[in-house]
Amino acid sequence: ALRKVFPRYGVTAFLPSVPSLSCMEIENVANDCLTAMRNADPGANILGLFSEGVCVDPEKRGAQVQNAKTCPVEHFVEILKRYADVFRIVTLAPENNECGTLLHACRKLGIIPSFGHSGADYDQAVDAFNKGCYHVTHLYNAMGKLAEEKPDGSIFPGPVIAALLDDRVFTEIIVDGNHVHSAFVKVALRAKHPDKMILVTDSMRAAGMGFAGKMRFAGQEVEVTSEVALLDTGRPAASIITLDRAIRNVMQWQATTLPQAIKMATINPATLLSLPSTGALVPGYYADVVALDTDLHVVASWCRGVLMYCI
């Protein structure tokens, strides 16, 4: 169903996310995703899975539920080996020794290891990047402080600064205005190399529904408002933003130019995922096309040349 719905919001391809689950549940999701990927029905293309929750810092877990069911790292690596063509990105906290093993396994399998849900400091982040962790999951959220004051009064940078300064590293950012203040979005978009910034929704299934109230998400109940889904602590659990709204937001905030905003939602993620013939209007590329009006609302979408949405 999502494949048919997403094009109305400017999405022609996507990665479903896998939260903290048991090994059996993760394997079932991977198998279902593989079946969906092989399905030739028209719609937004399912590119594979984005995993969060298996190897994260419990203090930075966000909406990821950590309990006895959570799949152990060594078992998760075996699942990755069986479904290496399904998993595209795996979020991990590199300061954890087990996560270091997972990072190495991902690199060996051709899966993108992503820094995130981590309490790592600046030096640990730099070390992870040097080991091939060239992606950051939702910059600013569920990670260490921007900066901290040392006992001697000196100011030391945090992992966000390490990510912004390293031109090898792709960084995602949630631009719903709730997860990250627009001022910090501006800082990131101006500091980061424009080829390495990616706009993401990090949305749950309530996105675009106009729903408000209680809903299950990632194994727990969340409160969906008109702007965001909240945990019982009042902290954001997930976004409910759509991709077209994400682009409108950064333009309204004057955070970047329109060509750069479009690039951050198209070419950049396609480059990260090494997708052939995807992400640009070029002869010979897949006809994944979105038409926007002057207010940046979607008026039509084509997936692989098939019209999937038109007002």
Side-chain angles (χ1 to χ4, degrees), residues 5-15 44-45 47 135-141 160 163-167 169-203 207-208 226-228 239-311:
V5 173
F6 281 175
R8 72 179 298 146
Y9 301 112
V11 175
T12 60
F14 66 104
L15 297 177
N45 190 23
L47 301 172
H135 182 265
V136 172
T137 298
H138 44 54
L139 187 73
Y140 294 115
N141 296 115
V160 170
L164 292 176
L165 291 176
D166 195 324
D167 287 344
V169 177
F170 285 88
T171 56
E172 306 173 357
I173 190 165
I174 305 171
V175 289
D176 63 350
N178 293 284
H179 280 75
V180 181
H181 191 282
S182 60
F184 281 124
V185 173
K186 288 182 180 181
V187 169
L189 267 58
R190 294 177 185 181
K192 188 65 181 172
H193 192 290
D195 291 346
K196 295 300 179 74
M197 180 61 75
I198 297 173
L199 304 184
V200 296
T201 62
D202 200 55
S203 291
S226 61
E227 296 184 347
V228 70
S239 163
I240 59 170
I241 196 175
T242 56
L243 189 60
D244 57 332
R245 177 63 184 275
I247 292 173
R248 291 197 297 274
N249 279 353
V250 296
M251 294 308 300
Q252 289 168 3
W253 300 336
Q254 298 181 329
T256 188
T257 65
L258 181 56
Q260 291 292 359
I262 297 297
K263 185 176 185 179
M264 293 172 189
T266 56
I267 302 172
N268 290 1
T271 301
L272 167 69
L273 295 170
S274 300
L275 299 179
S277 305
T278 302
L281 294 175
V282 177
Y285 273 43
Y286 291 117
D288 291 338
V289 181
V290 177
L292 305 174
D293 63 17
T294 55
D295 294 322
L296 303 180
H297 289 86
V298 177
V299 296
S301 293
W302 293 260
C303 297
R304 302 293 171 94
V306 178
L307 180 65
M308 295 302 303
Y309 173 74
C310 185
I311 58 173

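All figures in this text were calculated on a predicted structure; none of them were measured in a lab.
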Listing, residues 185-195 side-chain donor-acceptor contacts under 3.5 Å, not counting sequence neighbours, or none:
residue: Lys186; atom: NZ; partner: Trp253; partner atom: O; Å: 3.1
residue: Arg190; atom: NH2; partner: Gln254; partner atom: O; Å: 3.4
residue: Lys192; atom: NZ; partner: Ala163; partner atom: O; Å: 2.6
residue: Lys192; atom: NZ; partner: Asp166; partner atom: O; Å: 2.5
residue: Lys192; atom: NZ; partner: Val169; partner atom: O; Å: 2.8
residue: His193; atom: ND1; partner: Asp195; partner atom: N; Å: 3.1
residue: Asp195; atom: OD1; partner: Lys263; partner atom: NZ; Å: 2.3

Is there a side chain to side chain contact (heavy atoms under 4.5 Å, CB included) between Asp202 and Asp176 once you walk through the steps? CA-CA 9 Å; Asp202 200 55; Asp176 63 350; over 6 Å; no

Closest non-hydrogen atom pair between [X] and [Y], with its separation:
X: Ile174; Y: Ser239; answer: CG2-CB, 4.1 Å
X: Ile173; Y: Met197; answer: CG2-SD, 3.8 Å
X: Trp302; Y: Ala291; answer: CZ3-CB, 4.2 Å
X: Leu307; Y: Tyr309; answer: CD1-O, 3.3 Å
X: Thr201; Y: Leu243; answer: CG2-N, 3.6 Å
X: Tyr9; Y: Val298; answer: C-CG2, 3.8 Å

Does Asn249 use its side chain to pair, donor to acceptor, with the backbone of Val175 at less than 3.5 Å?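 The answer is yes, because a donor-acceptor pair under 3.5 Å joins these two groups.
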
Taking Asp293 for the side chain and Asp295 for the main chain, is one N or O donor matched with an acceptor at less than 3.5 Å?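 Looks like yes, one N/O pair under 3.5 Å.
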
Tell me every residue that passes side-chain contact (heavy atoms from CB on, under 4.5 Å) with Leu258, counting only those two or more places apart in sequence or in another chain.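 Leu258 satisfies side-chain contact (heavy atoms from CB on, under 4.5 Å) with Ile247, Met251, Ile262, Leu296 only.
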
Rounded to the nearest 0.5 Å, how far does [atom2] of [Y] lie from [atom1] of [X]?
X: His135; Y: Ile198; atom1: NE2; atom2: CD1; result: 5.0 Å
X: Gln260; Y: Leu199; atom1: CD; atom2: CG; result: 10.5 Å
X: His297; Y: Arg245; atom1: NE2; atom2: CZ; result: 8.0 Å
X: Leu164; Y: Leu139; atom1: CG; atom2: CG; result: 5.5 Å

Tell me which donor-acceptor pairs under 3.5 Å the side chains of residues 272-290 have, and how far apart each pair is, sequence neighbours excluded?
residue: Thr278; atom: OG1; partner: Pro276; partner atom: O; Å: 2.9
residue: Asp288; atom: OD1; partner: Arg304; partner atom: N; Å: 2.7

Below 30° counts as parallel, above 60° as perpendicular, anything between as tilted: where do the rings of Phe6 and Phe14 land?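 Plane angle over 60°, so perpendicular.
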
Do Thr271 and Phe170 make a side-chain contact, defined as non-hydrogen atoms from C-beta onward lying under 4.5 Å apart? yes

Would you indicate whether the side-chain heavy atoms of Glu172 and Thr137 approach each other to under 4.5 Å? yes

